[in-house]
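A short worksheet on the structure shown next.
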Amino acid sequence: MRHFDVQIIGGAVLHDGSIAEMKTGEGKTLVSTLAAYLNALTGEGVHVVTVNDYLAQRDAEWMGRVHRFLGLSVGLIQRGMTAKERRSNYRCDITYTNNSELGFDYLRDNLAANDGQLVMRWPKPFHFAIVDEVDSVLIDEGRNPLLISGEASKDAGRYPVAAKVAELLVKGVHYNVELKDNSVELTEEGIAMAEIALETNDLWDENDPWARFVMNALKAKEFYRRDVQYIVRNGKALIINELTGRVEEKRRWSEGIHQAVEAKEGLKIQADSVIVAQITYQSLFKLYPKLSGMTGTAKTEEKEFLKMFQTPVIEVPTNLPNIRKDLPIQAFATARGKWKYARQEVEYMFRQGRPVLVGTTSVENSEYLSDLLKERKIPHNVLNARPKYAAREAETVAQAGRKHAITISTNMAGRGTDIILGGNPKMLAKEIIEDSLLSFLTKESPDYEIDGEELSRKVLSKVNVGSSSLALLAKTALMAKYVCKNEGRNWTYKEAKSIILESVEMSQSMSFKELERLADEQIEKYPLGPTVALAYLSVLEDCEVHCFKEGAEVKRLGGLHVIGTSLHESRRIDNQLRGRAGRQGDPGSTRFMVSLQDEMFQKFNFDTEWAVRLISRITNDEDIPIEGDAIVKQLLALQINAEKYFFGIRKSLVEFDEVLEVQRKHVYNLRQSILTGNNESCTQHIFQYMQAVVDEIVFNHVDPKKHPRSWRLGKLVQEFKTIGGKILEDLGAEITEEGLLKAIMKLHQTISTDVCNLNLPEMPKPPNAFRGIRMKNSSLERWLSICSDDLTPNGKYRMIANLLRKYLGDFLIASYLNVIQESGYDDLYVKEIERAVLVKTLDCFWRDHLINMNRLSSAVNVRSFGHRNPLEEYKIDGCRFFISVLSATRRLTVESLLRYWSSPMDTQELIF
């Protein structure tokens, strides 16, 4: 492969830290190698981020050969990998991964109990990222933050009851819905009905809170539809990603929604969850000092990219002119008329021989259209989230550009797929090899149901395999049969497919002569790998000839025809579907059809009555489409309104998350410095915590502007001893209110003449822990820090207050060091205990803080009724919460450590 000039321009755009907009089929995958290689030379690591595991694996295998040839290491992160495998792959010069795996690895690293559990390159895990389909990751996925949850309440029994109540309630009578933001509001009648059904006097009773369960049950009933938002498989409700059309097995809706869906479907209900870590994609990718991206559709969102990430969108010209025809949008009065006309258009194109890709918005719609085509006996392939279809995704896409090929797909075919006119020769060759060999290698059948495949294959032209290829296939089949029979080898279906895949990869990395030599050398061992690879290369030549001829025929007929069966909430997503046709100067056409019953029109309160009147003026038949500027302008205005609405949601989410982002950075940086720092830094953290706790105690009871006699020294001593527990009861017994006041008064008289004396006169000295230059130096540094900070208010007695801070800080630290020394434990064990306490306490309070911040983000919206800015309120209260969290973390850490060493117990039994 050689880069076209426009691809080199694209590489320069990426290296510049911008977003390259390159149309479908222009070779974005190859473009990424330019910037990835150049930025990987520093050895700090480059991440190439794609939208799913399939694309990450494909790109790592395909482009990884380029980087390895140039001397760089290439890693791949996939779902299901162990921590060891992930660590190894993140250490590579260039790492291919998908956006969710990257985000969750970052969050999991910040939940790790020790540095041995970390997988990313700490202390600098982020250097440079190239985000493929950047608009999908940062904009479409931007509305949904990444969450890691832990088990929370045990209220699973309430969900089925609430689901039954939701069935009793009637929309419009007992509750109202707002489609735009997926919200539900109970009416007075609804509240009364629910309270009667649940036998409760108050739905919002704090001691018996049924309201949340009922509201979630109503949301599950109205907004979460089977085969649209989720599918049910093996007794589980699995989320379908609305943007990619793929099932996300490990993802669950939060705040009780998933449990409500499970109750609605009568499935086993899993425990409620509580957020333990969260981050938005916007915040995640802002962690990269240098960020770039590539996509086919980003120009319409350039303002958002500039505002959020300061990255401009640069349009890269196509290598060949785009000759695709975008036909006018057709509007129908009813959904029935739209689907009927879509079937007619598919049938018309099928009779012509043109390949057709039909884009649908849900599993439900794709299967509805499939049934319509089956009635007309039109062979076709379906691609959606169901296992029987999703398992054959690569094969379906490979066939989609062939003559007579009809493909009905959800958004799964919208990104990262390249539909080649005439078919993909590599995939076709692999299919021929599998058809010839799988029956000899395994007796198992596929672990997924095949539906429609044979019907589709009947109409697709057969590849003419040459005599030499047939001979190699026969030889390979005979060898496979011999190995299975004589050596007793029997593979599972998955293992047999893996053998063929490895052989195909071998054919890509070795020449024909090398494979022949390897096969001859191992002839006595019946080498399946090299022999299958030779057969694949031979069949591939035949497939390339066939695909070239068929591609020329398809181009003559007009190329791929794309049908969109609904407008999306963004013009950009529609453009992605359009981009499947007309790649690399190929001919093609697109057509979008909408009905006034589509969900988007209801969601955004489109004036459907006006449109119906307009249609009725033109035609009396509701099944006949209309085209015209008036309709197109209205639809465009509707999409722009939808884009503005969702931009507002993302903007609000980012603004609210920016508050949490600052706090998250502080906590995660602190956590990583504890885990990865040396023993000395761990000790310094403990000392800083102890001094900060003492400072808070002093400030609570001392006012430097007032005379020391008015200070609450008795309460100060009592609180100080409470922190130290048993240790200070013994060592600090001589520290009393009277003694402290006497020392302070004496100090006040002599402070002007003896500024070098840093002790309180006649007070017990700290235990002998500050012997040696290092410890004395540590004490002096803390004194200089106390003198230079502005924590103590200005006043006549400021110096005395600072000396009191220094004295009590020294005493607490010295007592702590003294008790550790007396315990007799070695330094390594002591640091292990200190790290465990530091990390566990921080995690405990951070988890609670996330819950409180989520509650706060919901609560502040109500304050807008009082003419207060919710964001400003969130910032003020969020800052206050965070300060109290840090204070409580320090205090509990110090208390726990002092309590632990006063009566040592096993590390695992530390209870906070």
Side-chain angles (χ1 to χ4, degrees), residues 227-228 231 240 245 327 329-330 332 334-414 417 419 421 423 448-462 550 554 557-567 577-578 580-581 588-595 597-598 622-625:
D227 294 339
V228 179
I231 63 170
I240 299 174
L327 302 172
I329 297 172
Q330 293 180 327
F332 296 81
T334 64
R336 186 191 65 194
K338 178 183 74 172
W339 292 114
K340 182 180 171 184
Y341 204 83
R343 181 187 66 186
Q344 290 174 5
E345 182 144 341
V346 170
E347 189 172 359
Y348 174 74
M349 292 295 172
F350 174 72
R351 304 297 174 210
Q352 284 190 331
R354 286 182 65 181
V356 179
L357 173 67
V358 186
T360 62
T361 54
S362 68
V363 172
E364 184 181 52
N365 287 341
S366 66
E367 292 179 350
Y368 177 74
L369 182 58
S370 175
D371 291 338
L372 290 178
L373 294 180
K374 282 175 184 176
E375 288 175 10
R376 305 288 292 179
K377 293 190 168 45
I378 298 171
H380 60 277
N381 281 324
V382 177
L383 180 57
N384 63 33
R386 292 203 190 281
K388 62 183 179 183
Y389 301 126
R392 301 195 72 255
E393 178 181 354
E395 292 90 333
T396 302
V397 172
Q399 301 271 27
R402 298 186 68 187
K403 191 178 178 182
H404 292 293
I406 308 295
T407 309
I408 302 170
S409 174
T410 56
N411 289 353
M412 288 177 77
T417 53
I419 297 174
L421 298 186
Y448 54 86
E449 178 189 344
I450 295 174
D451 183 29
E453 179 204 359
E454 296 303 323
L455 186 66
S456 179
R457 282 194 176 186
K458 283 177 185 174
V459 79
L460 298 180
S461 58
K462 195 173 180 182
E550 190 169 310
V554 171
L557 292 169
L560 177 69
H561 182 62
V562 171
I563 299 174
T565 56
S566 177
L567 288 179
L577 185 59
R578 287 189 179 100
R580 301 306 106 197
S589 57
T590 66
R591 164 86 76 189
F592 271 76
M593 303 175 182
V594 297
S595 87
Q597 293 177 338
D598 287 350
E622 62 181 15
D623 291 347
I624 291 180

Atom of Pro355, atom of Gly401 and distance for their closest heavy-atom approach: CG-O, 3.7 Å

Approximate separation, where rounding is to 0.5 Å, of Glu364 CD and Asp227 CG: 6.5 Å

Contact summary for Lys338 and Ser566, nearest pair of heavy atoms: NZ-CB, 4.5 Å

Interatomic spacing from CE in Met349 to CD1 in Ile378 - rounded to 0.5 Å: 12.5 Å

Nearest heavy atoms of Ser589 and Ala581, plus distance in Å: O-CB, 4.1 Å

Salt-bridge present (Arg343, Glu347; N to O < 4.0 Å): no

Polar side chain donor-acceptor pair, Asn384 to Ser366, under 3.5 angstrom: yes

Side chain to side chain, Thr407 and Val358, heavy atoms closer than 4.5 Å: no

Within-4.5 Å side-chain heavy-atom neighbours: Ile563 and Leu357: no

Approximate separation, where rounding is to 0.5 Å, of His561 NE2 and Tyr348 OH: 10.0 Å

Any donor-acceptor pair under 3.5 Å from His404 side chain to Arg402 backbone: no

Side chains of Arg376 and Leu372 in contact at under 4.5 Å (non-hydrogen atoms): no

Over all atoms of both residues, closest heavy-atom pair of Leu560 and Arg580: CD2-O, 3.5 Å

Ring geometry between Tyr341 and Phe332 (parallel below 30°, tilted from 30 to 60°, perpendicular above 60°): tilted

Point-to-point distance, once rounded to the nearest 0.5 Å, from CD1 of Ile408 to OG1 of Thr410: 11.0 Å

Non-hydrogen side-chain atoms of Thr565 and Thr361 separated by less than 4.5 Å: no

Minimal non-hydrogen separation, Gly559 against Leu421, with atom names: CA-CD1, 4.0 Å

Any side-chain heavy-atom pair of Thr590 and Leu327 under 4.5 Å: no

NE2 on His380 to CG on Leu369, rounded to 0.5 Å: 7.5 Å

Cation-aromatic face contact Arg578/Phe592, 6.0 Å, 45 degrees: yes

Check: Thr360 side chain, Ser409 main-chain N or O, donor-acceptor pair, under 3.5 Å: yes

Rounded distance (nearest 0.5 Å) linking atom CG of Leu557 with atom NZ of Lys403: 6.0 Å

Donor + acceptor pair across side chains of Ser595, Arg336 (<3.5 Å): no

side-chain contact (heavy atoms from CB on, under 4.5 Å) between Asn381 and Ile406, intermediate numbers included: CA-CA 6 Å; Asn381 281 324; Ile406 308 295; over 6 Å; no

